[in-house]
Chemist: 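Mind having a look at this structure? Questions to follow.
Values reported hereafter were calculated over all heavy atoms of this structure, with side chains retained and with hydrogens, waters and symmetry mates removed. The model shown is predicted, which means the values in this text are computed figures rather than measured ones.
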Amino acid sequence: MEKKMILNITGMNCTSCAARIEKTLAKKPYILDISVDFPNKKAYLSVNDKNRQGDIFATIESLGYGVIHKEKEKDEPASETLRLKKERLRLILAWAITIPLTIKMLLEMIWGIHIVSHSFAFYTDLILAFPVIFIIGFPVIRSTVMSIKSFSFSMDSLIGIGTVAAYSTGILKLSGLDINNFAVVGAMIMSINFIGNYLKELATGRASQAIQKLLELGAKNAHLVKEDESMKDIPVEELVPGDIVLVKPGEKIPIDGEIISGYTSIDESIATGESIPVDKKPGDMVIGATVNHQGSIKVKIEKTGKDTFLSQMISLVEQAQGSKVPVQAFADRVTSYFVPVILVLSLLTFLFWLFIPRAGMAIIAFFSPYIPWLGAASNIVSLALFASIATLVIACPCALGLATPTALMAGMGKGATNGILIRNGEAIQTAKKIDTVVFDKTGTLTKGKPVVAAYTSLIDEDEFFHITGSLENLSGHPLANAIVDFSLKKNVTFTKPDKFIAAAGKGVSAVIDGKTIDVGSLKYCKERRIPIETFTQTTETYMEKGYTIICIAINQECAGIIGIADELKTDSKKAVGQLHQLGIRTIMLTGDNKKAASAIAEAVGIDRVYAELLPQDKINVIRELQEKGKTVAMVGDGINDAPALKQANIGIAIGTGTDIAIESADITLVSGSLMGVVRGIRLSRATFRKIRQNLFWALFYNIIAIPLAVMGLLHPVVAELAMAASSINVVGNSLRLKKVSLE
């Protein structure tokens with residue numbers, strides 16, 4: 001039986017660490033699928049044997065990392081804060097020791113000032129550099145040792161080997177070898193690495209703030225209404241399905257439930273991204289963490305724990321942020337080969353300087369007037385070490401590995417706060433290529449609720465809706481409900497009719513005040529032999545507009561007709577118009593008749609209509625578009641349109657409240673607003689634009705920097721600073737997605 005697991009991984013310092021864990025665990029035959037997400041410090045696994053958890057933990061720990069099962073970690077934001085505090089502590093301790101050493105080294109290198117004797121300085125360098133590299137930097141050294149043992153290298157391997165190599169020069173000099181002492185350089189590299197780690201931890205923490213904000217949104221306490229109507233304040237965690245809670249104006253809804261008394265308006269922006277409050281009445285569902293604006297309401301709790309909307313939303317965003325886009329496969333492949341290649345290149349650099357010294361010295365002679373640190377190494381062995389260490393630390397592929405996941409994290413976080421739930425990373429890459437959007441009609445372009453659109457009557461208007469509403473009030477048909485709602489808005493009163501007869505799906509008949517009243521479809525009127533010639537022209541007009549026609553007769557004489565339509569969503573036309581501005585073609589697929597479909601399509605500006613379709617027909621239309629090379633997004637309610645949503649390149653489900661159909665779609669719009677389709681496509685394009693920018697700068701940086709390091713033109717400390725800066729630049733560029741406008 002397949003089982004999903006989410007593990008929190010500790011000790012990862014870069015995407016190479018994540019790739020190393022992923023590669024090792026993927027070899028296990030019982031692991032069906034695995035994705036390790038470095039920014040979120042999580043591993044998502046599908047296993048076919050739940051009893052192998054101990055082996056999974058042991059494997060991760062054997063690589064030098066820690067692991068915690070997600071279900072056992074109660075406070076994830078606190079865990080992230082702890083990680084940040086640890087990195088800050090390492091940073092402070094390391095630089096408290098390294099700064100004096102750095103000042104001393106710079107005074108000697110640049111100004112020739114020696115504040116202590118050579119002998120004292122030498123031993124001071126060795127003694128103080130040791131704790132920075134081997135005690136404070138122990139996690140890096142341990143990871144390096146583990147990677148060498150398993151022959152699976154990470155960024156830590158490059159830093160670890162580089163710093164140990166630099167420190168070893170001091171040991172070699174102590175043993176009598178004529179070589180420059182680079183122990184301080186090793187300490188500086190390790191300390192700069194801590195700066196990079198801390199800033200990356202800080203930045204990736206900001207990128208995952210969408211989840212943290214969602215976690216913080218929930219109410220902490222609830223007013224529990226007891227059986228005797230008294231109230232007791234309890235923590236939200238103690239609520240169970242069936243409990244009744246009172247929610248006062250200005251308070252948050254504690255957990256998902258149903259209003260059983262009271263009328264109010266609720267700010268659902270955290271769930272839908274829409275800022276306008278939604279009116280609520282008894283029988284309506286409410287979402288936990290949304291804000292009650294006006295009246296006091298009583299809510300019956302329906303869901304708790306992992307079943308709540310907020311919990312499902314958090315889980316979806318987490319898993320989506322941990323997923324990968326196809327373009328990341330390229331970065332992962334490059335990263336997996338990059339570290340071994342750099343290790344070999346560093347060795348070749350050392351041998352080049354050692355055995356072809358004239359070429360190296362020629363480079364030094366040419367550039368030394370312009371680069372002050374080229375005189376730091378006084379002999380060829382020192383120069384060889386100088387260049388090879390710089391090559392090791394400059395080439396860390398961290399920026400390349402961070403390019404995609406940080407952009408995905410920031411993009412999906414922005415989507416979540418705008419009511420756009422993206423199920424996987426692949427959807428982001430595909431959505432940017434969409435050139436055709438296919439819409440379902442009912443419940444997507446329209447509200448899915450019939451309303452009275454027009455009417456014509458030969459009798460007094462109030463009397464007309466009095467008799468019509470009185471009959472339809474006894475029918476449960478959706479069209480009847482539309483007439484009843486419209487009649488109530490006109491403040492008419494209903495009479496209980498006599499001899500009520502309902503013909504299923506056709507109409508109703510009854511007697512009111514001694515008059516025989518018939519209300520039903522045109523077909524029903526014909527069956528009852530009620531002449532409708534008086535309204536022929538009006539009927540044709542209504543039919544051209546796609547209205548469903550209801551005929552009302554009094555004593556076998558037609559007294560009027562009502563046109564009922566599925567009301568358009570207020571922003572359907574705006575959304576379709578903006579899709580056209582993005583260069584996207586729009587199509588409507590519906591099972592309705594051609595006239596009704598054409599009327600709706602014309603009203604919103606749809607390019608092409610396919611009407612009177614069965615579910616299989618919708619799939620065939622989408623398949624034909626794909627065969628013509630189109631990248632198709634299907635927008636539907638996610639339930640009735642599930643097959644078509646699956647067939648499309650991207651399935652976009654329209655959801656409202658807690659009724660979101662995430663299983664059948666790649667993207668779910670929590671709100672019913674079609675502007676979410678436009679925002680989702682814009683978000684996809686913006687996110688992928690950031691991914692491309694990140695990959696470019698990461699590759700460009702390495703292409704420029706590595707040759708300089710090989711030629712000995714980069715000081716190892718400058719190389720480490722540049723490496724850290726490139727990673728931070730990638731993360732910072734991704735974070736700018738938060739400021740991208742989706743309107």
Chemist: Sub-3.5 Å donor-acceptor pair from the side chain of Asp256 to the main-chain atoms of Ile287, do we have one?
Modeler: no

Chemist: What is the minimum heavy-atom distance between Lys545 and Ala599, and which atoms define it?
Modeler: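 Minimum heavy-atom separation between Lys545 and Ala599: O-CB, 3.0 Å.
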
Chemist: Applying salt bridge (charged side-chain N to carboxylate O under 4.0 Å, His left out), name anything that partners Glu602, two or more places apart in sequence or on another chain.
Modeler: none

Chemist: Hey, does Ile549 have a side-chain heavy atom less than 4.5 Å from the side chain of Ile562?
Modeler: no

Chemist: Do Leu742 and Leu683 have side-chain heavy atoms sitting under 4.5 Å apart?
Modeler: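 Heavy-atom side-chain distance check passes, below 4.5 Å.
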
Chemist: Below 4.5 Å, heavy atoms only, C-beta onward: do Tyr44 and Lys42 meet side chain to side chain?
Modeler: yes

Chemist: Going by heavy atoms in the side chains, are Met675 and Gln578 under 4.5 Å from each other?
Modeler: yes

Chemist: Can you name the residues that form a salt bridge (charged side-chain N to carboxylate O under 4.0 Å, His left out) with Lys690, not counting sequence neighbours?
Modeler: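 For Lys690 there are no salt bridge (charged side-chain N to carboxylate O under 4.0 Å, His left out) partners, ignoring immediate neighbours.
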
Chemist: Does Lys28 form a side-chain contact (heavy atoms from CB on, under 4.5 Å) with Ile56? I'd like the steps, not just the answer.
Modeler: CA-CA 9 Å; Lys28 303 287 184 181; Ile56 294 171; over 6 Å; no

Chemist: Give the minimum heavy-atom separation between Gly680 and Ile420, together with the two atoms involved.
Modeler: N-CD1, 3.7 Å

Chemist: Compare every heavy atom of Pro450 with every heavy atom of Leu479, then report the nearest pair and how far apart it is.
Modeler: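 Nearest heavy atoms, Leu479 then Pro450: CD2-CB, 3.9 Å.
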
Chemist: Could you state the interatomic distance from SG (Cys551) to CD1 (Ile532), rounded to the nearest 0.5 Å?
Modeler: 6.0 Å

Chemist: What is the distance from atom CD1 of Ile483 to atom OG1 of Thr468, rounded to the nearest 0.5 Å?
Modeler: 6.5 Å

Chemist: Mind listing the closest non-hydrogen atom pair of Ser684 and Lys432 along with its distance?
Modeler: OG-N, 2.8 Å

Chemist: Would the number of heavy atoms belonging to other residues, nucleotides or ligands and lying under 6.0 Å from NZ of Lys300 be above 12?
Modeler: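 Not buried by this count: 12 neighbours or fewer within 6.0 Å.
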
Chemist: Treating Asn418 as the side-chain partner and Lys414 as the backbone partner, does any N or O pair qualify as donor plus acceptor under 3.5 Å?
Modeler: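 Checked: pair present.
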
Chemist: I need the Asp33 CG to Glu22 CD distance, nearest 0.5 Å.
Modeler: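 It comes to 8.5 Å.
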
Chemist: Kindly indicate whether the side chain of Ile561, heavy atoms from C-beta on, has any atom under 4.5 Å from the side chain of Ile550.
Modeler: no

Chemist: To check you understand the geometry: which heavy-atom pair defines the closest contact between Ala482 and Val452, and what is its length?
Modeler: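 Minimum heavy-atom separation between Ala482 and Val452: O-CG2, 3.8 Å.
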
Chemist: Taking it one step at a time, do Val451 and Ile564 satisfy side-chain contact (heavy atoms from CB on, under 4.5 Å)?
Modeler: CA-CA 6 Å; Val451 294; Ile564 295 180; over 6 Å; no

Chemist: Taking atom CG of Leu674 and atom NZ of Lys574, what is their separation to the nearest 0.5 Å?
Modeler: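 It is 12.0 Å, given to the nearest 0.5 Å.
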
Chemist: Do Thr456 and Tyr542 have side-chain N/O donor and acceptor atoms under 3.5 Å apart?
Modeler: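 Side chains of Thr456 and Tyr542: pair found under 3.5 Å.
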
Chemist: Is a donor on one side and an acceptor on the other found under 3.5 Å between the side chain of Lys303 and the backbone of Pro241?
Modeler: no

Chemist: Please list, chain by chain and in numerical order, all residues satisfying ring-ring contact (aromatic ring centres under 6.0 Å, His included) with Phe486, sequence neighbours excluded.
Modeler: Tyr455, Phe465

Chemist: Can you give me the closest heavy-atom contact between Ser673 and Arg679, atom names plus distance?
Modeler: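 So the two residues come closest at OG-NH1, 4.4 Å.
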
Chemist: Please determine which of Thr436, Ile652, Val437, Asp440 meets the side-chain contact (heavy atoms from CB on, under 4.5 Å) test together with Met634.
Modeler: Asp440

Chemist: Checking side-chain polar atoms at under 3.5 Å, does Asn694 have a donor or acceptor matched by the opposite partner on Ser734?
Modeler: yes

Chemist: Treating Thr687 as the side-chain partner and Leu408 as the backbone partner, does any N or O pair qualify as donor plus acceptor under 3.5 Å?
Modeler: no

Chemist: What pairs with Arg608 under side-chain hydrogen bond (donor to acceptor under 3.5 Å, both in side chains), at least two apart in sequence or on another chain?
Modeler: Tyr610

Chemist: Any donor-acceptor pair under 3.5 Å linking the side chain of Gln647 with the backbone of Asn620?
Modeler: no

Chemist: I'd like to know if the side chain of Asn649 pairs up with that of Thr430 as donor and acceptor (distance under 3.5 Å, no hydrogens or angles considered).
Modeler: no

Chemist: Rounded to the nearest 0.5 Å, what's the gap from CD1 on Ile584 to OG1 on Thr586? Could you check?
Modeler: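 Answer rounded to 0.5 Å: 9.5 Å.
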
Chemist: Does some side-chain heavy atom of Ile434 sit less than 4.5 Å from a side-chain heavy atom of Ile650?
Modeler: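 Counting from C-beta outward, Ile650 and Ile434 do come under 4.5 Å.
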
Chemist: Listed by chain and number, what are the side-chain hydrogen bond (donor to acceptor under 3.5 Å, both in side chains) partners of Glu624, not counting sequence neighbours?
Modeler: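 Listed in chain order: nothing, the list is empty.
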
Chemist: Is there a side-chain contact (heavy atoms from CB on, under 4.5 Å) between Leu589 and Ile622? Walk through the geometry before answering.
Modeler: CA-CA 10 Å; Leu589 306 182; Ile622 292 173; 4.3 Å; yes

Chemist: Is the side chain of Thr446 donor-acceptor paired with the backbone N or O of Lys441 at a distance under 3.5 Å, no angle test?
Modeler: yes

Chemist: For Val438 and Val621, run side-chain contact (heavy atoms from CB on, under 4.5 Å): C-alpha distance rounded to whole Å, both residues' side-chain angles, the deciding distance at 0.1 Å, then the answer.
Modeler: CA-CA 10 Å; Val438 174; Val621 171; 5.9 Å; no

Chemist: Is any side-chain heavy atom of Leu625 closer than 4.5 Å to a side-chain heavy atom of Arg585?
Modeler: yes

Chemist: Would you say Leu568 and Ile600 make side-chain contact, with heavy atoms under 4.5 Å?
Modeler: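 Yes, at least one pair of side-chain atoms sits under 4.5 Å.
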
Chemist: Only counting residues at least two apart or in another chain, list the ones meeting salt bridge (charged side-chain N to carboxylate O under 4.0 Å, His left out) with Asp284.
Modeler: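 Asp284 satisfies salt bridge (charged side-chain N to carboxylate O under 4.0 Å, His left out) with Lys281 once adjacent residues are dropped.
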
Chemist: Any chance you could measure Leu445, atom CG, to Phe439, atom CZ, to the nearest 0.5 Å?
Modeler: 6.0 Å

Chemist: Can a salt bridge be assigned to the pair Arg528 and Asp518 using a cut-off of 4.0 Å between side-chain N and carboxylate O?
Modeler: yes

